[in-house]
2 protein chains.
Amino acid sequence: MKLMDLYAKMKSDLNTIERELERRVTSDHALLSEASVHLLKAGGKRIRPVFVLLAGKYGDYRLDVLQRVAVTLELIHMASLVHDDVIDDADMRRGQPTVKAKWDNRIAMYTGDYIYANALAIVTELNNPEIHQTLSKAILEMCIGEMEQVRDFFNTTQTVRNYLLRIRRKTALLIAVSCQLGALASGSKRSHAFALYRFGYNVGMAFQIRDDLLDLCGTEKQLGKPPGSDIRQGNITLPVLLALRDPLLRGELQREIDGIREAGAQADCSRALALIRSSRGIPDSEQMAARYIAKAIDALVKLPDIPAKKNLRDIANFVAKRNY
Amino acid sequence: MKLMDLYAKMKSDLNTIERELERRVTSDHALLSEASVHLLKAGGKRIRPVFVLLAGKYGDYRLDVLQRVAVTLELIHMASLVHDDVIDDADMRRGQPTVKAKWDNRIAMYTGDYIYANALAIVTELNNPEIHQTLSKAILEMCIGEMEQVRDFFNTTQTVRNYLLRIRRKTALLIAVSCQLGALASGSKRSHAFALYRFGYNVGMAFQIRDDLLDLCGTEKQLGKPPGSDIRQGNITLPVLLALRDPLLRGELQREIDGIREAGAQADCSRALALIRSSRGIPDSEQMAARYIAKAIDALVKLPDIPAKKNLRDIANFVAKRNY
């Protein structure tokens, strides 16, 4: 099944979630609502809600419960994006001006805070302390991951392990928890919830590696923003770390990165991008992403054969190849 | 009883909370821990923990439960301060450099996020959905209040009612909830928890009005930062709104405020401060604060006569007069 067909099949439930997302961030405060809705309309793949719904199929599928979990997770993701844009000084995301660019940093920071608070208010409606605990721990790790990213800016001597730990916190955990909480909220077996967590974790790792690859190799049209935004802000990702291992490239690439650091946000990174694209960093990172996808699919083995299983496998395979 | 004596009496329990505050914000991430502990060490009156503990006396006083509520509330307050400092571009708070000034805005924003996330992780340990719900709603209102403050910057035509609604969200609700949750967490009667909420709400309103008065009338020594920081950033507080009602002052004060707006962060606000200090805005605001204190004390009437009641009354009377 193609990904579009899967979204079509889930359309009615995803529409419910879309409506809820909008309803939840709408307040009597005009500017907050406007900024939040602007953010919602910018789209996104809603991958976390999709995982919540599919994981929910392993238990008692109740949309009124699952939509709360899904909306909470998508809002947490959105809030972290708004705060990222403040940090990154980003003007565009997904082809749309960021909240920060359209309004200002203050509005962006408080919009993020407001969306976080909304997310947490929704999940408390579930009266399920285990869900709150799991979620709040994941958010805590996510915050540490964000901070690690700032700490590691322009650090070209960091290890691959360091990179993997950071994307685990920054991205993979929240996707893992999306799968896990969809299962828990539906009262599925603990062993199933754990398998789904493992699935989500590995998909999340592959997803972020692909994201980092796309930022280096994609076109402005594919990305909705110019390529190289990571390297311009100093975010040293896996392909860069691997490219730096090549003794023939290392010297020049390091000098390019030093130059970008000095030039700041307006730096020309075309030479650095060309060097990285010509390196083993690209195929080796692709292979690493593929290995995470294989592990994700492996985690599904112990789950009962229901249609959702095939859907999850299809998404994993899509993540392995996605180019937008 | 003097306030210092009350703190002395509660010293052992407050020390437990102090230790917990530090333990909770310490992570294996050095910079996050450092920034958070820096913030803790800058002090504060710990008024929210004091209210939690005193409210807890109206039920089954268990420190292991109450300290979690107290630590959560103090951390939420701290997180909002760090984010305020980003917004206000403040370099000093309580006589200490702010996180934003000592590190940078990015660190300050993520430190705030991290402290928020910590606070929420702690409260989930209580397994009490009602507490989570009450708290998350209060945080949501607080975020809206913060945003309203940004929206209302330099708006000298806002009504007093608008100001009161804003400080209700920004300050009073969290103090009200501190009292309420201390009571709920101890299993006290609902009517007692509600009376304590009313007490906290009114103390909180008076507290913020006094805070706003101090920023206009205090000395740099009392404040730990230069006076007039509110007006410099455009935060139009009650005494200013009331001063603007005086037809003899209005024209000049409005021109001064316009000048401050144009000059930005380095503006000289000494003339504006002198005008406000000479106006009815000061005694009228003091009277309004006193009225909230009277309402707070009135809310205590229905509560049983235990020693905590006198302590709460003493704190209310202290808030009415505090000059630091």
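Here is the naming used below: chain letters follow the sequence lines, and residue numbers restart at 1 for every chain.
Of all non-hydrogen atoms in A:Ser136 and B:Ala121, the two that sit nearest each other are OG-CA, 3.2 Å. When every heavy atom of B:His83 is checked against every heavy atom of A:Met109, the shortest pair comes out as O-CE, 3.1 Å.
Between the OH atom in B:Tyr110 and the CD atom in A:Glu146 there is a gap of 4.0 Å [rounded to 0.5 Å].
Between A:His132 and B:Asn127, the closest side-chain pair of non-hydrogen atoms is not below 4.5 Å. In this structure, the side chains of B:Tyr116 and A:Leu140 stay at 4.5 Å or more apart for every pair of heavy atoms.
Contact count against chain B (heavy-atom pairs under 4.5 Å) is highest for A:Asp113 among A:Asp113, A:Ile139, A:Val123. When A:Gln133, A:Lys137, A:Met142 are compared by the number of non-hydrogen pairs under 4.5 Å with chain B, A:Gln133 comes out ahead. Across A:Asn128, A:Leu126, A:Ile122, A:Leu120, the residue that shares the most heavy-atom pairs under 4.5 angstrom with chain B is A:Leu120.
For A:Glu130, no part lies near chain B; criterion is any non-hydrogen pair under 4.5 Å.
Checked against salt bridge (charged side-chain N to carboxylate O under 4.0 Å, His left out), A:Arg161 has no partners two or more places apart in sequence or in another chain. The side-chain contact (heavy atoms from CB on, under 4.5 Å) test applied to A:Arg261 returns A:Phe154, not counting sequence neighbours.
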